[in-house]
Number of protein chains: 2
Amino acid sequence: MENKRDHKLDNFFSYSFSLDCLIFGFQDGKINLLLVKRESEPFKDQWAIPGDLIYPDEDLPNAASRILKDLTSIEGIDLHQAQTFGNPARHPQGRVITSAYFALVRMDDLQEYARSWSDRIQWMPIYSIPRLSFDHNEIAISTFEVLKQKLTIYPIAFDLLPEKFTINNLQEIYEYAFQQDWDKANFRKKLKKIPLIKLNEKQKNVKHRPASLFKLDSEQLSKMIKREDYSFSLKIN
Amino acid sequence: MENKRDHKLDNFFSYSFSLDCLIFGFQDGKINLLLVKRESEPFKDQWAIPGDLIYPDEDLPNAASRILKDLTSIEGIDLHQAQTFGNPARHPQGRVITSAYFALVRMDDLQEYARSWSDRIQWMPIYSIPRLSFDHNEIAISTFEVLKQKLTIYPIAFDLLPEKFTINNLQEIYEYAFQQDWDKANFRKKLKKIPLIKLNEKQKNVKHRPASLFKLDSEQLSKMIKREDYSFSLKIN
DNA sequence: CCAAAAGTGTTGCGAGTACACCCATGG
DNA sequence: CCATGGGTGTACTCGCAACACTTTTGG
């Protein structure tokens, strides 16, 4: 027992701590995960969740923000901690413990960026993730479960939507996440508990009645949360 | 017990990874957290959450089991991962990132053990935790929140109870956890969804009508979970 | 006109709440 | 006898699911 512990840690890779940042986006009715193609061994040229070692003076949320910003230039959005993974065999080159964080981003804000990097990064629908590097499939599944859990209680789905969205956009997020359909009338009734502002604007160029655009009343929401007056919850099944 | 190797920190662990194991028990209507008195600097003789560095060949769940077993001799119970903490300043002697795990134990099984160590360990009601070492107050609060969250969905409250318990014991756990009272008739109806076996046994030496003792029908519960037929959920407020 | 999706109102069932009442024990 | 908490039945309410129906656009 004492012997095992006499490992020296001067080799950065022999025992280190990293953070994986799972970036989720929503488009065309699907929730996507941003993957990067690895540029070095191990698993060179295979898809992976973006991540990095944590710097010595960095708190975990800082590291998550940094990774998100380096990759997408996005700043100032909420990051959520999911699970931490520490199987000694998870990294072939040494002991690397990793914490998963996730962010929900507006894919629209990233269009041109995504094109410029299109050979090294890719959005993949969460239910169609290919085989990934390391134990990243397990991390993706686990983190998506945490995301789903939070979706049932917190109003984080809006982070995936553009500022102006239709009620149906929102419903699609839930239907895709839980692979389950809701009645649109009843779904709208659930939303009564979330403060939304109906804009004087409608969808365009649709060959059916255009839907009204809404935005989240963030101020009102903060107030409600402050006075513990926020009670949205979505029952599955 | 824990931290007997803290003195090595400066030469050995300039950057290390530990695991804190929050052990919860239930007695006399209160949920308690097991704390240990630190035997070395920093924070010598102050209360702390039991924890240890993770061994090089150990997965996180293994480390959590080990810490639990070393301290209490308890084996084979469920351990749940909570949050991971990595503030660079959280440990005065170096960078230590720590993952919190929690276990729910039967306090009755630990009576004699608790007495034999009574000067170095102590159960403290979760709502009366004193000032702890490091950032352990934050860890305790955060982990208790995760525990509460799980209590609303999963049948883990039984892990806190002796094999034979009364319905009121169970209700007390929820009422203490959420600091909220439930109507006893209605509380019983919620439990209809959890398979319980009513034993031909009653409380003794109580100066009122003795309550029936129940036990959890674990087999039935596993079956229900397997066929996704388990749907207990407790609404707060 | 029709197709398609937006958006709303109504009804009926069921879960959950409030509350009343009876039961078993010790003192 | 009382006090205390165990245990159960009932009636009412409110949320929610099902479903029908109207509205607005493009073609």
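Per chain, numbering begins at 1; letters A, B, ... match sequence-line order. All values reported here derive from a predicted model rather than from experimental measurement.
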Rounded to whole angstrom units, what separation is found between the NE2 atom of His208(B) and the C1' atom of dG7(D)? 12 Å
In whole angstroms, how far is the C1' atom of dG6(D) from the CH2 atom of Trp182(B)? 20 Å
Rounded interatomic separation in angstrom, taking CG from Asp181(A) and C1' from dA17(D): 14 Å
Give me the ring orientation class for Phe134(A) and His136(A): parallel if the planes are under 30° apart, tilted from 30 to 60°, perpendicular past 60°. tilted
For Asp229(B), salt bridge (Lys or Arg N to Asp or Glu O under 4.0 Å) partners two or more places apart: Arg227(B)
Between Lys235(B) (NZ) and dT13(D) (C1'), how many Å, whole number? 13 Å
Under the rule for salt bridge (Lys or Arg N to Asp or Glu O under 4.0 Å), what residues qualify as partners of Lys69(A), not counting sequence neighbours? Glu75(A)
Rounded to whole Å, please give me the gap between CZ in Phe187(B) and C1' in dG6(D). 15 Å
Describe the nucleic acid contact of Ser212(A) in one word from base, sugar-phosphate, nothing, applying a heavy-atom distance below 4.0 Å. sugar-phosphate
Lys192(B) side-chain N/O to dG16(C) phosphate OP1/OP2 under 4.0 Å: no
Would you mind telling me which of dA5(C), dT24(D), dG26(D) lies closest to the side-chain atoms of Lys207(A)? dG26(D)
Quick test: give all pairs of protein nitrogen or oxygen and nucleotides 10-12 of chain C nitrogen or oxygen below 3.5 Å, distance rounded to 0.1 Å.
unit_1: dT10(C); atom_1: O4; unit_2: Lys189(A); atom_2: NZ; d: 3.0

Send over the distance from Leu234(B) CG to dA15(C) C1', rounded to a whole Å. 14 Å
Starting at atom CG of Asn205(A), determine the distance to atom P of dA5(C), rounded to an integer number of angstrom. 16 Å
Just to verify, which of Phe24(A), Phe102(A), Tyr154(A) counts as forming a ring-ring contact (aromatic ring centres under 6.0 Å, His included) with His80(A)? Phe102(A)
Applying side-chain hydrogen bond (donor to acceptor under 3.5 Å, both in side chains), name anything that partners Lys202(A), two or more places apart in sequence or on another chain. Ser212(A)
Look at the side chain of Ala185(B) and decide which nucleotide, out of dA4(C), dT8(D), dG6(D), has an atom nearest to it. dT8(D)
So Asn168(B), base contact, sugar-phosphate only, or nothing? Heavy-atom distance under 4.0 Å. sugar-phosphate
What residues form a side-chain hydrogen bond (donor to acceptor under 3.5 Å, both in side chains) with Gln46(B), not counting sequence neighbours? none
Both Ser233(A) and Asp183(B) contact DNA chain D. Taking the nearest nucleotide for each, which residue is further toward the 5' end? Asp183(B)
Results of salt bridge (Lys or Arg N to Asp or Glu O under 4.0 Å) for Asp45(A) - residues two or more places apart only: Arg120(A)
dG26(D), OP1 or OP2 - any side-chain N/O from Arg209(A) closer than 4.0 Å? no
Whole-Å gap separating C1' (dC19(D)) and CZ (Arg188(A)): 16 Å
Taking only side-chain N and O atoms of Lys184(B), does any of them lie within less than 4.0 angstrom of OP1 or OP2 on dC19(C)? no
